[in-house]
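What follows is a short report on a single structure.
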2 protein chains.
Amino acid sequence: MPSPEDLARSIAKQAPSSAQIADWIRAQIRGSRLVPGQRLVEVDIIRQTGGSRFKVREAFQRLAAEGLVEIEEFRGASVRSATSDEVRQLYQARALLEGLCARDFCRRASANDRARLAQLASEMEACVDSNAPEKFSGLNAEWHTLLMRGAGNQVIEDLVKRLNTPVHHLLFGTFYRGDRLKEAVEDHRIIMQAIEANDADAAELAMRRHVENGHRFLSELDRAMHID
Amino acid sequence: MPSPEDLARSIAKQAPSSAQIADWIRAQIRGSRLVPGQRLVEVDIIRQTGGSRFKVREAFQRLAAEGLVEIEEFRGASVRSATSDEVRQLYQARALLEGLCARDFCRRASANDRARLAQLASEMEACVDSNAPEKFSGLNAEWHTLLMRGAGNQVIEDLVKRLNTPVHHLLFGTFYRGDRLKEAVEDHRIIMQAIEANDADAAELAMRRHVENGHRFLSELDRAMHID
DNA sequence: ACTGATGATATTGTTGACAATTTTACAGGC
DNA sequence: GCCTGTAAAATTGTCAACAATATCATCAGT
């Protein structure tokens, strides 16, 4: 028979695992509640997540291995910031890897995945008219993930996930704004056409262009911000 | 004035950091002294590295984030093994990423890096005649690293390092054997020719072929081993 | 000999206290 | 006002002890 304390804890909130704490920190970074350079003080994370100090430190180690945070002796963890050159390299790699996935999607994807991909694309188109950038952002992440998964490439899916995190704080909130939505929708349309025609070469090329366009837009945004 | 204990410790061996322990474990895996599936018992690692339990566990977390080891509740860390399909995906990604580096090396590398790359290639050729596969292996790693560094792409350098580790135990000792050395030297020769001619397209293509050849050889070796 | 239960051992998970270091606050001199 | 040194506070690093769980050896029963 469980004690009242155990019962209360299990109902209210389980003590989070290090993976859950890491997820929480990633989410904070994505939501710009933690910005690059900011220090991650252990007690603060403990208070906000309910995790033990041990688990928090484990989470820091994992995030450090992913390159998302930096750990310095006696100074703890802080959110790492990517240089513009590093961002360029990240997008270069993404363009290649996601391009390959677009190619393989043509060869290997099931009818189900194809239909779902097309549906997501049309839902994103609707976001342009209704001007819903947050919704678009979520659908877009789903679309890219489904494409990699449909291509049957778990390794690239993991890699791209990691490549994205260091610039996530730039993407959400600021990224899908202005004409970028229309541009992205047009890019997706070209990719979907190639996939429907089963033209692997065209799909790969179009996906590369799409990622490169994303980088171009991001760096223009970055330049504009630095002028302020 | 340092106490005799401090002095002895600093002369003999510093307590290793978690990064050093992680490096040690990676080296053990590369040297096949730790094989996939094998459990990494904390006290054993502590005894062999001199690190504290705390540092060892930090190292496990980092290696887990890299995908090199697996951590199970109350069962600790064990060396992860890649499926043949995962290995295929790893090499696919490597072919693309290193291909890009070969391209960029043509555009961006200094005369110094070019000369050093050529020198490493010729040293590897000598290894074929003298039949020194371990030496070849080391030079080869240097060659690939220099190519990525000369291309000015730190991000890809890190990625490829990670992509390689899960199959390192297959590579060293068994990999560079028989005709593989000659094949690899021939591949390198083609790549070097393209670089010297500053033909970026040819360099990229040749590097992709080289990595794909490596995968082909590895999977044939794997098949032969399973037949035994 | 084989199977399943049972206790002993080994291994990992967690916590708290304390040490080492950095950061901050503050007083004093210029 | 501004710099500088010093002590207090905050923060991280480390360790040892204990709890939870898994693994292994033993043995009874068939």
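So you know, we letter chains A, B, ... as the sequences are listed, proteins then strands, and number each from 1.
Across the protein-nucleic acid pair, I21(A) atom CD1 and dT14(C) atom C1' stand 13 Å apart, rounded to whole Å. Note: CG (D44(A)) to C1' (dT11(D)) measures 10 Å, nearest angstrom. The CD atom of E42(A) sits 10 Å away from the P atom of dT11(D) (whole-angstrom rounding). If you take CZ of F54(B) and P of dA17(D), they are 17 Å apart, rounded to a whole angstrom. Nucleotide dA10(C) holds its C1' atom 12 Å from the CZ atom of R47(B), rounded to whole Å. Protein atom CG of L40(A) is 17 Å distant from nucleotide atom C1' of dG13(D), rounded to whole Å. What separates CD of E70(B) from C1' of dT12(C) is a distance of 16 Å, to the nearest Å.
Residue E72(B) is classed as a sugar-phosphate contact, given heavy-atom separations below 4.0 Å to backbone atoms only. Using a 4.0 Å heavy-atom distance criterion, I71(A) is classed as making no nucleic acid contact. Residue-level contact check: R39(B) touches the backbone only, with heavy atoms under 4.0 Å from sugar-phosphate atoms and none from bases.
With contacts defined as side-chain heavy-atom distances shorter than 4.5 Å, the pair E157(A)/T145(A) qualifies. No side-chain heavy atom of M124(B) sits less than 4.5 Å from a side-chain heavy atom of L181(B). Looking only at side-chain heavy atoms (C-beta outward), T49(B) and K55(B) stay at 4.5 Å or farther from each other. Looking at L63(B) and L40(B), their side chains never come closer than 4.5 Å, going by heavy atoms from C-beta outward.
Distance from the side chain of S52(B) is smallest to dC15(D) among dC15(D), dT15(C), dT11(D). Of the listed nucleotides (dT12(D), dT12(C), dT15(C)), dT12(D) has the atom at the smallest distance from the side chain of V41(A). In this structure, the nucleotide among dT14(D), dT12(C), dT23(D) sitting nearest to the side chain of R75(B) is dT23(D).
The phosphate of dT12(D) (OP1 or OP2) has no side-chain N or O of R57(A) nearer than 4.0 angstrom.
For the pair F74(A) and F74(B), both in contact range of DNA chain C, the more 5′-proximal nearest nucleotide belongs to F74(B). Positionally, the nearest nucleotide of DNA chain C for K55(A) lies more toward the 5' end than for the other of K55(A) and E73(A).
Under the 30°/60° scheme for interplanar angles, the aromatic rings of H188(A) and W143(A) are found to lie parallel.
Between the base of dG13(D) and the side chain of R53(A) there is a donor-acceptor pair shorter than 3.5 Å.
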